[in-house]
Enquirer: 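Starting off with a structure, shown below.
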Amino acid sequence: MIKLVQNEMMKLIAKKRLLVIAAIIAVLVALFTYAQYKQVETQRHKLGTNDWRTILQQQIIDTQNRLSSSRISDDWKKQLKVGLQQQQYYLDHNINPSEPGAPTFMRMFLENSIDLFLPLMVMVIASDLVSSEHSLGSIKLLLTRPVRRWKVLLSKYITLCLSISLIVAITGIISYLISGMVFGYKGWGAPVLTGFNVTNQGLGTESVKLLDQWQFLLMDFGLVWFVAIVVGTLSFMLSVLIRSTAAGMGVMLAALISGAILSNMVSSWNSAKYLFMVNLRLTDYMKGTAPPIEGMTLSFSLAVLLVWWAAALAVAFWVFTKRDVY
Amino acid sequence: MNKNILRVITIIAAIFFVLWLGGLGWAMADYYGGKPNPITASKAPEKAKENGKELRVVAIGDSLTRGTGDESGKGYVGDVIDELKTKTKKPVKLLNLGVNGQRSDQLRTQLGQKEVQRQIQRANIVLMTIGGNDLFRGGQGLADYQSDKLQIIEKSYLQNLTAILKQIRTSNPDARVFFVGLYNPFMNLNEGKNISKVIRRINYESAEVSASFPKVVFVPTFDLFELKVNDYLYSDKFHPNTKGHRLIAERVASLITW
């Protein structure tokens, strides 16, 4: 088994996909770092101060004024309100919600890339893991060996999980290194609040916890990794089902993008919460923002994703072991 | 391909696999099992240092402070700041805390916030507009200007005003406070005369309250709008337009000295 995994790892590394992914991440992180830097600069210029409290106070007032407008929808209003209460809570407790530094940038980057960008990167590897063997014709060579088929597939799956872990790690390391050049490398111990309850009435703060940023980051990484594994498994299944890599990627891409769009407009379509793609933003639960559909919680989203994951894995193995290869 | 490199990469990947899995487990354990730890690290914001290098202006109040009606969006506050910049060489820093539709009780609550107090404490000049929404409830007019309800509104408004000014003076005994009074946007309506009467009374009472605090200046605006109210009103016939804001700003700016 270890030999099989080693063999798959070798194929993967020979394809240099990981390097491509690292390069893409590096470019994007550089872009975002610059954008973030520019934003901070304009803010400082506008308010004429570096003081985060003043800036946060001004943001709170701006949100209050947006809320007083009658032209915004109820959903949006609710989200704004939750955000507002959270900002006020940070301010009241004298905690900077975005302590400048590379760890904070990393946290923001992770939170924003969890539902689209990282899954895309994972797809780059997962979607042709099996189907490329078909298109290259090497599948026959692989299956004529005296190894059970499920073992072949399992070795591929383990390779996938390992490389996903690597991608998540690469994301973290690259975003830390690049953004640190601008924002500085400090900030692991900065306080972060978690445990806000988002209810209909607004934001519950009775079970709020104070964490160090590194603790919060490790949890974020765990959640991001879980999402990446689920998405990776789904495209892995498609790669088994559909011989054409492009078609498999297309399907997955459509699902992911529809998820990003749906999250903004499904609040009235309740059963949409069973779709995997609206459940991807797990880190939002840690942060305490209003979920896209009422009644969604961390355990609910984890359960939904887990079911999709198990189903995809079962289908992949079942089809791969039963299918005629010619 | 070097076998060793391959092995190292695989091992590193496996380590991260375990690490992320641990992170996931921790996230779940913490989300559900973690005890809330009351925030104790809430150190009070450090006392602001008095610094004479810049002129700090804090504006509080309602939509008038926010600049509603002014096409440039600056409002009378922005105009005052522009004026100040021509008068002084010091950098002028503005923090506008005005909220549309804010009533006196809401402003009172807002001033209870630590950070707002800290900002007031650092201010050299405080600009304030309040009361319009207590009285007109967002431009609906003064429906019952002779009923008992008005008395109740007036009474609670004056109480709130006293509390607001007291709070400002507690946070900052030195800053000059300019309290911009009410005008009558309904001058030309049938009941304009009666409404004017109420507003004059409230302005008088506001001025009395202001006078009981040191360095609080009540700035009347009633007369500015008295003769040609429609020339100075925005299309909602309630907020001042660009010209109206300018009028108020000129008056306030001429009062500011240091």
Side-chain angles (χ1 to χ4, degrees), chain A residues 2 5-6 9-10 13-14 18 47-49 53-54 56-58 60-61 64-65 67-69 88 91-95 159 161-166 168-169 191 193-195 206-211 215-226 228-229 282-283 285-286 297-299 302, chain B residues 1 3 5-7 9-32 34-46 48 54 56 63 66 68 91-102 106 110 113-116 118-119 122 138:
Chain A
I2 289 177
V5 173
Q6 290 259 319
M9 275 307 266
M10 194 169 77
I13 288 165
L18 284 174
L47 286 172
T49 176
R53 290 187 208 89
T54 308
L56 189 59
Q57 179 70 61
Q58 193 64 69
I60 288 172
I61 296 289
Q64 279 179 341
N65 278 302
L67 274 170
S68 71
S69 155
Q88 189 67 55
L91 191 56
D92 287 346
H93 290 84
N94 200 24
I95 294 171
T159 311
C161 289
L162 289 178
S163 44
I164 287 174
S165 309
L166 269 185
V168 174
L193 294 176
T194 178
E206 54 289 333
S207 53
V208 168
K209 279 167 283 193
L210 192 70
L211 294 178
Q215 296 173 311
F216 193 83
L217 264 171
L218 189 56
M219 294 181 194
D220 263 6
F221 269 115
L223 295 172
V224 166
W225 173 80
F226 181 71
I229 290 278
L282 293 180
T283 45
Y285 297 113
M286 297 295 288
T297 60
L298 179 64
S299 48
L302 283 174
Chain B
M1 164 94 19
K3 268 266 161 63
I5 293 179
L6 194 63
R7 191 162 296 149
I9 291 179
T10 313
I11 289 171
I12 291 175
I15 291 172
F16 276 118
F17 182 95
V18 174
L19 184 66
W20 302 148
L21 191 64
L24 178 66
W26 194 14
M28 269 159 28
D30 191 81
Y31 192 79
Y32 289 105
K35 285 187 217 86
N37 70 13
I39 288 119
T40 46
S42 159
K43 43 187 163 46
E46 58 273 26
E54 49 189 24
R56 290 177 188 277
S63 46
R66 195 69 205 166
T68 309
V92 182
K93 297 281 164 66
L94 166 71
L95 184 69
N96 192 334
L97 299 177
V99 178
N100 286 329
Q102 181 143 274
Q106 293 165 318
Q110 196 189 20
Q113 292 168 9
K114 255 192 251 164
E115 173 60 18
V116 175
R118 195 182 69 102
Q119 294 293 353
R122 308 199 308 166

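Labels below follow one simple rule: chain letters A, B, ... track the order of the sequence lines, proteins then strands, and each chain is numbered from 1.
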Enquirer: Against chain A, label B/Val92 side chain, backbone, both or neither, depending on which of its atoms sit under 4.5 Å from a heavy atom there.
Expert: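 Contact with chain A involves no heavy atom of B/Val92 at all.
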Enquirer: Out of A/Leu223, A/Leu91, A/Leu298, return the one with the most heavy atom pairs under 4.5 angstrom to chain B.
Expert: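 Most heavy-atom pairs under 4.5 Å with chain B: A/Leu298.
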Enquirer: Tell me, out of A/Ile61, A/Leu56, A/Ile229, who's got the most heavy-atom pairs with chain B below 4.5 Å.
Expert: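 Among the listed options, the one with the most contacts to chain B is A/Ile61.
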Enquirer: Under a 4.5 Å heavy-atom cut-off, does chain B meet the side chain of A/Tyr285, its backbone, both or neither?
Expert: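 Both the backbone and the side chain of A/Tyr285 come within 4.5 Å of chain B.
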Enquirer: Decide yes or no for B/Arg118 and A/Thr54: does some side-chain heavy atom of the first lie under 4.5 Å from some side-chain heavy atom of the second?
Expert: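 Yes, at least one pair of side-chain atoms sits under 4.5 Å.
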Enquirer: I'd like to verify something: which residue of B/Gly98, B/Ala14, B/Pro91 has the highest number of heavy-atom pairs under 4.5 Å with chain A?
Expert: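 Of B/Gly98, B/Ala14, B/Pro91, B/Gly98 has the most heavy-atom pairs under 4.5 Å with chain A.
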Enquirer: Ignoring hydrogens and angles, tell me if any N or O in the side chain of B/Lys114 forms a donor-acceptor pair with the backbone of A/Asn94 under 3.5 Å.
Expert: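 Absent.
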Enquirer: Decide yes or no for A/Leu166 and B/Phe17: does some side-chain heavy atom of the first lie under 4.5 Å from some side-chain heavy atom of the second?
Expert: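 SC-SC contact between A/Leu166 and B/Phe17 ruled out.
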Enquirer: If I measure from the heavy atoms of chain B, does A/Gln88 come under 4.5 Å with its side chain, its backbone, both, or neither?
Expert: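 When you check distances to chain B, only side chain atoms of A/Gln88 fall under 4.5 Å.
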Enquirer: Please tell me whether A/Gln57 and B/Gln119 have a donor and an acceptor in their side chains that are separated by less than 3.5 angstrom.
Expert: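 Checked: A/Gln57/B/Gln119 side chains show no N/O donor-acceptor pair below 3.5 Å.
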Enquirer: Check each atom of B/Gln110 against the heavy atoms of chain A and say whether the ones under 4.5 Å are side chain, backbone, both or neither.
Expert: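 For B/Gln110, the side chain is the part near chain A, not the backbone.
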Enquirer: Quick one, A/Ile60 with B/Leu97, criterion side-chain contact (heavy atoms from CB on, under 4.5 Å). Give me CA distance, side-chain angles, the key distance, then yes/no.
Expert: CA-CA 9 Å; A/Ile60 288 172; B/Leu97 299 177; over 6 Å; no
Enquirer: Picking from A/Gly195, A/Ser299, A/Ser165, which has the most non-hydrogen pairs under 4.5 angstrom with chain B?
Expert: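 Going by pairs under 4.5 Å, I would pick A/Ser165.
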Enquirer: So for A/Leu302, is it side chain, backbone, both, or neither that comes closer than 4.5 Å to the heavy atoms of chain B?
Expert: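 Just its side chain gets close to chain B.
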